[in-house]
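Take a look at the structure below.
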2 protein chains.
Amino acid sequence: MTTPKTREDVVRAAGRLFAERGYHGTSMRDLGQELGILGSSLYSHIDGKDQLLVEVIRRGAAMFQGLADEVMASPGTAAERMRALVEGHVRIITEHVDEAATFLNELRFLPVEDRAGLIALRDGYQRAFRRLIEEGVEAGEFRPIEDPAMTSTFVLSVLNALVRWYRPAGPAEPDEIASRMYEFVMEGLT
Amino acid sequence: MTTPKTREDVVRAAGRLFAERGYHGTSMRDLGQELGILGSSLYSHIDGKDQLLVEVIRRGAAMFQGLADEVMASPGTAAERMRALVEGHVRIITEHVDEAATFLNELRFLPVEDRAGLIALRDGYQRAFRRLIEEGVEAGEFRPIEDPAMTSTFVLSVLNALVRWYRPAGPAEPDEIASRMYEFVMEGLT
DNA sequence: CCTACCGATCGGTAGG
DNA sequence: CCTACCGATCGGTAGG
């Protein structure tokens, strides 16, 4: 009675397990079990385990890159665009934790031929934050910041760590998380 | 001519590989190779692979807990103690990246009987940050903060992410990193 | 610390 | 999607 699994089902289940147990902590038999089929049956949908990792991570990367492209092409002050980046980043993670977590945690296990390209995407995303910080400093919206690259790492550290503690059943709503993150990033503790 | 490996050598090499490739991405044969011996020879030093994970993570946990105990028992304003926590945290990571990274990344792979205790240690460390934030708000040193628990997560996100990007050969000195982190945590971007 | 293994599990294939 | 497998690798042991 249960309808046959699709390739899409397989990729999504892979994201779930890679996020939860890591790429090397997930066997093809685990993944089959998650879908109610045998591990060997997965190979009618995909070519190999590493292909699944590539596909899950590509999805994560694409969402973040899309956000950065959109926000950086839009008008507004540096503060306004920073708010848009924070809200978008939180939305991506709360709506797609698995792909986001796998993108952020399992990049190093990618096959060599895919690794460099996806790391470049991640670095490009970080560069958007750095440029925005530089613009904000120049415009006098932000305080003088000696090392915008390192500071962009700090901002992204706060945002990315959400994949580690976000739980859909948790007490905090995504909107509330985004607001408090933006506040913290802009004002710090004082 | 090379002196025999000690148990200490084994634990340290395990920390290195667990940090770099993850627990499940490291085989006992990999670990042996790192030390110039066979995988099976490791068992004259240790009882099992999971024991190595427990030991590496215990070391990481102990350093952070020691820092929190020391700082929270010392006098000083909330800001002064926050600075001490940031500086200590950065020092621990820059001097012991492997144990720190394994503690922060591989906790979930611990044997069930050790997991809860070490997670409790991590949570206790985070509680020190939360209490300090609450004290700083009450004393009027920090701005009013509605959710000190979530805010402590933000501060720790910035600090913990250092295990992901710190490289001893990198351009930034530990002291400089600590200063900029403290500045960011206190003032944010504005 | 090595030699020589062990059973279990891994990613993956052929054929239906 | 399953049956029935494959060679390779896994964590680990006995004996020296």
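Letters go in sequence order (proteins before strands), and every chain restarts at 1.
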Hey, can you pull the residues of residues 12-27 of chain B with a non-hydrogen atom under 4.0 angstrom from DNA chain C?
none
Distance under 6.0 Å and angle within 45° of ring axis: A:Lys49 vs A:Tyr23
yes
Are A:Arg12 and A:Glu8 ion-paired here, with the side-chain N under 4.0 Å from a carboxylate O?
yes
Base, sugar-phosphate alone, or nothing: which one does A:Leu38 contact when heavy atoms must sit under 4.0 Å apart?
base
Backbone of B:Glu99 reached by a side-chain donor or acceptor of B:Thr102 within 3.5 Å:
no
Side chains of A:His45 and A:Asp9: donor-acceptor distance under 3.5 Å anywhere?
no
Could you check whether the rings of A:Tyr125 and A:His89 sit parallel, tilted or perpendicular, using 30° and 60° as the cut-offs?
parallel
Among residues two or more places apart or on two chains, list those pairs meeting side chain to side chain donor-acceptor pair (under 3.5 Å) that have a residue in residues 110-122 of chain A.
none
Writing each nucleotide of DNA chain D 5' to 3' as (, ), [, ], | or . by Watson-Crick or G-U pairing under 3.5 Å yields ||||||||||||||||
Salt-bridge test for A:Glu134 and A:Arg127: reply yes if a basic N is under 4.0 Å from a carboxylate O, no otherwise.
no
Does B:Ala120 offer a backbone N or O that forms a donor-acceptor pair with the side chain of B:Asp123 under 3.5 Å?
no
Only pairs at least two apart or in different chains count here, so list each side chain to side chain donor-acceptor pair (under 3.5 Å) that has a residue in residues 162-175 of chain A.
A:Arg164-B:Asn105
Salt-bridge present (A:Glu183, B:Arg143; N to O < 4.0 Å):
yes
Outermost nucleotides of DNA chain C that come under 4.0 Å of a non-hydrogen atom of chain B
C:dC1 to C:dA4
State, yes or no, whether a side-chain contact exists between A:Arg58 and A:Leu118 at a heavy-atom distance under 4.5 Å.
yes
Verify whether one side chain among A:Gln126 and A:Thr153 offers a donor that lies under 3.5 Å from an acceptor in the other.
yes
Proximity to DNA chain C (any heavy atom under 4.0 Å), residues of residues 40-54 of chain B only:
B:Ser40, B:Ser41, B:Ser44, B:His45
